[in-house]
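Read through the structure below, which is laid out as structure tokens, and then see the notes.
A note on names: the letters A, B, ... follow the listed sequences, proteins ahead of strands, and every chain is numbered from 1.
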Amino acid sequence: MTLEKNYDPKAFEASIYEKWEQNGGFAADPSSSSTPFVVMIPPPNVTGSLHVGHALNMTLQDVLVRFRRMQGRDVLWQPGTDHAGIATQLMVERELIREGSSREAIGRPDFLERVWQWKHQQGHAITSQLRRLGASPDWSRERFTMDEGLSRAVVRTFNLLYRDGLIYRARRLVNWDPKFGSAISDLEVEMREVNGNLWYVRYPVADSEQVIVVATTRPETMLGDVAVAVHPEDDRYRDFIGKHVVVPITGRKIQIIADRHSDPEKGTGAVKITPAHDFNDFAVGQRHDLPAPSVLDKKGRITLSEIRTECQSENPLFLEGLNGLDRFEARHRIVEQLDALNMLERVEAHLHAVPYGDRSGVPIEPLLTDQWFCNAAELAKPAIAAVEQGQITFVPKQWENTYFSWMRSIEPWCISRQLWWGHRIPAWFGPDGAIFVAESTTTAYEQAAQHYGHDVHLTQDEDVLDTWFSSALWPFSTLGWPDLKPELARYYPGDVLVSGFDIIFFWVARMIMMGLYVMGKEPFHTVYMHGLVRDERGQKMSKTRGNVVDPLALIERFGADALRYTVIAQSGTGRNIKLGPRLVEANRSFVTKLWNAARFCEMNSCWPDPAFRAEDAKLVLSRWILDTANRTIIDATHALENFRLSEYAMICYRFAWADFCDWYLELAKPGLGAEDAAELRGVTSYVLGVLLRLLHPVIPFVTEELWGHFGYGVSGSLIRASWPEVVLVPEAPEARHEIAWLVRLVSEIRAIRHEMNVPASSQISVLVRDASPTVLVRIDRWRDAVGRLARVASVETLKGDMPTGFAQALLDDATFILPLADIIDLAVERNRLAVSRSKAAGEVEKIERKLNNQDFIAHAPEEIVHENQQRLDTARAEVLRLDAALARIR
RNA sequence: GGGCGGUUAGCUCAGCGGUAGAGCGUCUCGUUUACACCGAGAGGGUCGGCGGUUCGAAUCCGUCACCGCCCA
């Protein structure tokens, strides 16, 4: 069966993938004697569906992995999904609400049952989409962060860290997400610029007529004020320090303190201190040993319970009316009331940064709660050292700066979440609140019995761990740890981590910390950071903008290979990767081109020949393309080894299209039907084989289809074929020079034809003069090729007089004369030559100036001087030849 | 406010001390034994501004401008 005329990826992508998977093409082999190559997939959210970010991230990994597999490495690309605490819980909750039920209504056990049910039914959407993309991880080893094994890893790690004092429970101010009703970590908070107000509120000084004006962006928190702070060196307030003010509305009397936190330049220079609702204020409170009453509850509503007894309000009814009000409604009421009491001096529009939950999208409330924390600063020390000392390298290198700056000022990591879906914290409380951290309920009870001297009832902590806690263990939890399976020893530490820079702190840094802490070794030696995908105009993709590109739709339209090639080709640039249908369509042309080149090979019976030996190649054309293939192999391999994937793609593109299709196949056409057919067929199929192997990592489907079709190996075997190697090519430099000469000659003639408007249909003849014996040999050899490619009827040595009316092409010493008596416009030809001459003359002048510069001669390296002398000789000769050519048509 | 990255052909980018490049797009010509998702040819840049180092700067240094991101 011959190849279809039209390249149709839908005809084979699915079946090719099935073959790979069924034949164990993706499987790691722990019993192999080859060196492992390990890449841990960034586990996508189990609720997710493939977006362009995945498409980029996964394709980059797949290219690396397929390349190493072909190099003979024992590749483990470890797949799996993340339980994604909040995202998954929300999704199932939404389902329940649609059914008229709720999480609370069905209770924790049933809810969790429901989530698992969902996971089993629909949790494989993302992995089946990865299959469509052509990703080749070892699916037989797929893991889920809530698997039994991975859950044990979480519990064990928690216990280890607790034992070492690196996990502790504390009452701290945390970022509270009122929508989720949970604490979140610093990283999950994003600061947004918001147009708000700065309210200037009068705080009367107690027992005096004086007033201090305090500026605040959050008047509702004044209920929880415990002090007013001024800068110790601010002369305006020096005399107030130590005095008291009466807080409007609550009537509480609070002290005026001196603290460097207050900035004399900002507002009035006096700030109210509300330790329970602001991180800076909390620090001030600690320095001055101040109380920290909360005035907001976990839903972001005003609560008076902690301040009621302290209040001496003149309007208790108003105050009580605030209780239970939403924070924003309360703000409104309080401002109104202040205004009514004439306590509001003025209001200024004010642009300021407000913390928002990155997932919930609502303003975050700093709240005092009991949470579990991880001492990240301690874990960061060896993690910083590992990068400083080069055990881990970031590509590109500058990301190390980002890593360092965050790691060196890292804050305690709040790891508890007030959710149901996730790893339940392995801590139990005794009747008196004593904490027992253990690996199981049984051991917790044993510990408690020992502690109390008798059996007691324990309550397990209701909270779960931050999703990223389990993700941090991914490089070893997926390999069976805490069990010591052979895989763990063989595949840890791994090699490369491929990740977007947006999760460098969430995930990459934490994996390094946990890997070093738990395993004593860094989890990988290279971190390859890629950019984020943007639309074709470089804009961030968002649903509201309507510019979201769906990779599955692109695969549907253009095939997975076209999409893969596009993201790889675009990946070279800095931080943004532009992607859209136009680009993918353009790159599909390349895949089509390859398809058609293969069809041409097929038509000419260029089948793989195991007996083919490159060193026996006799033809200059054979030697040239084999040599070009050699250099392409070297360059492409080098690019891949150095994570320059877009360069790798471009190198292959150029070789396939420009060298192989445009020149080699065109030049081979006559020979393939003549006496040279045997050698050319061998060379052609050999080079096609090289091409298919070189391109397989980036466009695996089409290359595999062609590989099987031509019988390079059985269908589905390219994935395991060996990476091409350089072969010995006799007299390669000579072949290189000769084909370069031929390309110049054909291009020159084509250009002249075009410029002189010689109709494409008319065959012209060419005469040559001043040709050296070498050139005469070449002309003989390539007469037919020149004829075909430049539409030339004959190339003969000029004998006798010059014809009348001609154009000239100058190639080294030889001059090729195109007699165009009827067509030529002498003025055009004269101008053409004159332009060339002035270019050459300009070149001469430039180099002469350089060589006449004594400083240049004295300082420049000898080879540069020499090179310039040669260039000058060449340019001068060019001028002379152009002068001669001009003289001939004067 | 601090830090990082960027500014090179219409677009996307490569080059990072020694002759300014590629792909796409544009324009012109063209169906010649794979391919119009094609072939051929052409045009197009004072390498963001200024200053410095150097025999020589797109490339190194300083500075400014603008854009993007991260952290406060």
Side-chain angles (χ1 to χ4, degrees), chain A residues 2-3 5-7 186-187 190-191 279-280 353 396 398-402 404-406 409 501-502 504-505 531-532 534 536-540 558 562 566 569-580 582-583 585-604 606 644 646-647 649-651 653-654 657-658 661-662 665-666 669-670 672-673 746-761 763 787-791 839 842-843 846-847 849-861 863-865 867-868 870-872 874-875:
Chain A
T2 54
L3 287 172
K5 186 168 185 330
N6 294 313
Y7 159 65
D186 300 344
L187 287 175
E190 64 177 39
M191 300 304 280
F279 285 95
N280 286 316
Q398 62 265 23
W399 285 111
E400 289 177 9
N401 294 328
T402 310
F404 286 138
S405 69
W406 186 67
S409 57
F501 60 77
D502 51 333
I504 185 168
F505 306 138
L532 301 183
R534 306 281 178 132
E536 276 170 333
R537 301 214 312 264
Q539 298 205 311
K540 221 174 191 162
F558 306 114
T566 306
Q570 293 293 115
S571 71
T573 79
R575 298 186 179 208
N576 294 336
I577 282 105
K578 289 172 186 155
L579 185 67
R582 247 186 54 235
L583 282 166
E585 185 174 17
N587 285 123
R588 186 199 36 192
S589 307
F590 174 60
V591 183
T592 308
K593 183 77 181 177
L594 184 69
W595 182 264
N596 283 308
R599 283 180 58 226
F600 177 82
C601 295
E602 180 186 44
M603 287 171 192
N604 286 281
C606 301
R644 303 169 71 125
S646 64
E647 201 175 300
M650 199 201 281
I651 288 164
Y653 183 102
R654 193 170 314 164
W657 203 315
C661 292
D662 288 348
L665 290 183
E666 291 304 328
K669 273 176 185 172
L672 278 167
V746 170
S747 304
E748 277 281 338
I749 298 174
R750 281 170 173 170
I752 290 172
R753 290 183 62 119
H754 198 265
E755 213 160 333
M756 297 298 157
N757 288 317
V758 180
S761 52
Q763 298 259 335
R788 284 173 39 78
L789 297 185
R791 305 197 57 73
K839 257 188 210 157
E843 181 79 356
K846 215 165 95 183
I847 306 169
R849 210 180 312 134
K850 200 179 243 189
L851 287 169
N852 289 336
N853 182 345
Q854 286 313 303
D855 287 334
F856 175 73
I857 302 294
H859 294 274
E863 65 267 24
I864 296 293
V865 176
E867 188 188 303
N868 274 278
Q870 291 214 314
R871 276 177 51 213
L872 179 60
T874 311

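Nucleic acid contact for N6(A): none, since no nucleic acid atom lies under 4.0 Å from a heavy atom of the residue. As judged by a 4.0 angstrom heavy-atom cut-off over every strand, P861(A) is placed among the base-contacting residues. A597(A) comes within 4.0 angstrom of a base, heavy atoms only. Residue-level contact check: R871(A) touches the bases, meaning some heavy atom is under 4.0 Å from a base atom. Among the heavy atoms of the strands lying under 4.0 Å from R588(A) is at least one base atom, whether or not backbone atoms are also near. Note on R644(A): only backbone sugar-phosphate atoms sit closer than 4.0 angstrom, heavy atoms only; bases stay farther off.
Remark: the separation of the P atoms in G10(B) and C27(B) is 15 Å, to the nearest Å. Distance noted for atom P between G43(B) and C37(B): 27 Å (whole Å). A40(B) and C61(B): their C1' atoms are spaced 47 Å apart (whole Å). Distance check on atom C1': A36(B) versus G30(B) gives 11 Å, rounded to whole Å. Spacing between G62(B) and U54(B) at atom C1', rounded to whole Å, works out to 15 Å. Across the C1' atoms, A14(B) and A58(B) are found 12 Å apart, a figure rounded to whole Å. C64(B) and G23(B) have their C1' atoms separated by 34 Å, given to the nearest Å. Of the P atoms belonging to G2(B) and U59(B), the separation is 26 Å, rounded to the nearest Å.
For R599(A), the side-chain atoms get nearest to A34(B) when compared with the rest of A34(B), A42(B), G18(B). Nearest nucleotide to the E843(A) side chain, out of U19(B), A34(B), U32(B): U19(B). Listed nucleotides: G18(B), C70(B), A34(B). Nearest to the side chain of K669(A): A34(B). Distances were taken from every side-chain heavy atom of K846(A) (C-beta onward) to each of A34(B), U19(B), A40(B); the shortest belongs to U19(B). If you check C55(B), G5(B), G41(B) against the side chain of A860(A), the one that comes closest is C55(B).
In this structure a side-chain-to-backbone donor-acceptor pair under 3.5 Å is present from E602(A) to L3(A). Using modelled atom types, one side-chain atom of R753(A) and one backbone atom of R791(A) make a donor-acceptor pair closer than 3.5 Å. Formation of a donor-acceptor pair under 3.5 Å by the N853(A) side chain with backbone atoms of D855(A) is found in this model. In this structure, the side chain of R599(A) does not engage the main chain of N6(A) through any donor-acceptor pair within 3.5 Å.
Using the six-membered ring where Trp is involved, W595(A) and Y7(A) have ring planes that are tilted, between 30° and 60° apart.
Spacing between atom CH2 of W657(A) and atom C1' of A36(B) amounts to 11 Å, rounded to whole angstrom units. In this structure, Y653(A) atom OH and C13(B) atom P are separated by 17 Å, rounded to whole Å. Taking atom CG on L851(A) and atom C1' on C55(B), their separation rounds to 12 Å, with Å as the unit. The nearest whole Å value for the distance from the CE atom in M603(A) to the C1' atom in U33(B) is 9 Å. Spacing between atom CZ of R753(A) and atom C1' of C29(B) amounts to 11 Å, rounded to whole angstrom units. In this structure, CG of N853(A) is placed 8 Å from P of G56(B), rounded to the nearest angstrom. Distance CG (L665(A)) to C1' (C35(B)): 11 Å, rounded to an integer number of Å. Atom CZ of R788(A) and atom P of A40(B) are 13 Å apart (whole Å).
Checking the phosphate oxygens (OP1, OP2) of A14(B), no side-chain nitrogen or oxygen of R654(A) falls inside 4.0 Å. Considering only side-chain N and O atoms, S747(A) lies under 4.0 angstrom from the phosphate OP1 or OP2 of G41(B). Remark: S761(A) is not in phosphate contact with G30(B), judged by side-chain N or O atoms under 4.0 Å from OP1 or OP2.
Rounding to the nearest 0.5 Å places CG of L872(A) at 11.5 Å from NZ of K850(A).
Not a single donor-acceptor pair, N or O on each side, falls under 3.5 Å between the base of C37(B) and the side chain of K593(A). A donor-acceptor contact under 3.5 angstrom links the side-chain atoms of T592(A) to the base of C37(B). Applying the 3.5 Å distance criterion, the base of A40(B) shares no donor-acceptor pair with the side chain of E666(A). Residue-to-nucleotide contacts include no donor-acceptor pair under 3.5 Å from the side chain of H859(A) to the base of U54(B).
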*If pairs are Watson-Crick or G-U with both distances under 3.5 Å, what is the dot-bracket string of RNA chain B, marking crossing pairs with [ ] and pairs to another strand with |?*
((((((((.[[[[.)..(..]]]].(((((.......))))).....[[[[[..)....]]]]]))))))).

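Residues I864(A) and F856(A) are in side-chain contact: their nearest non-hydrogen atoms beyond the backbone lie under 4.5 Å apart.
Within a 6.0 Å sphere centred on CZ of R644(A), heavy atoms belonging to other residues, nucleotides or ligands number 12 at most.
Checking N852(A) against R849(A) by side-chain atom types alone, no donor-acceptor pair falls below 3.5 Å.
Nearest-nucleotide assignment on RNA chain B puts the 5′-proximal partner with C601(A), out of E585(A) and C601(A). Checking W406(A) against K5(A), the closest nucleotide of RNA chain B that is more toward the 5' end is the one next to K5(A).
Heavy-atom minimum distance, L579(A) versus T566(A): CD1-CG2, 3.7 Å.
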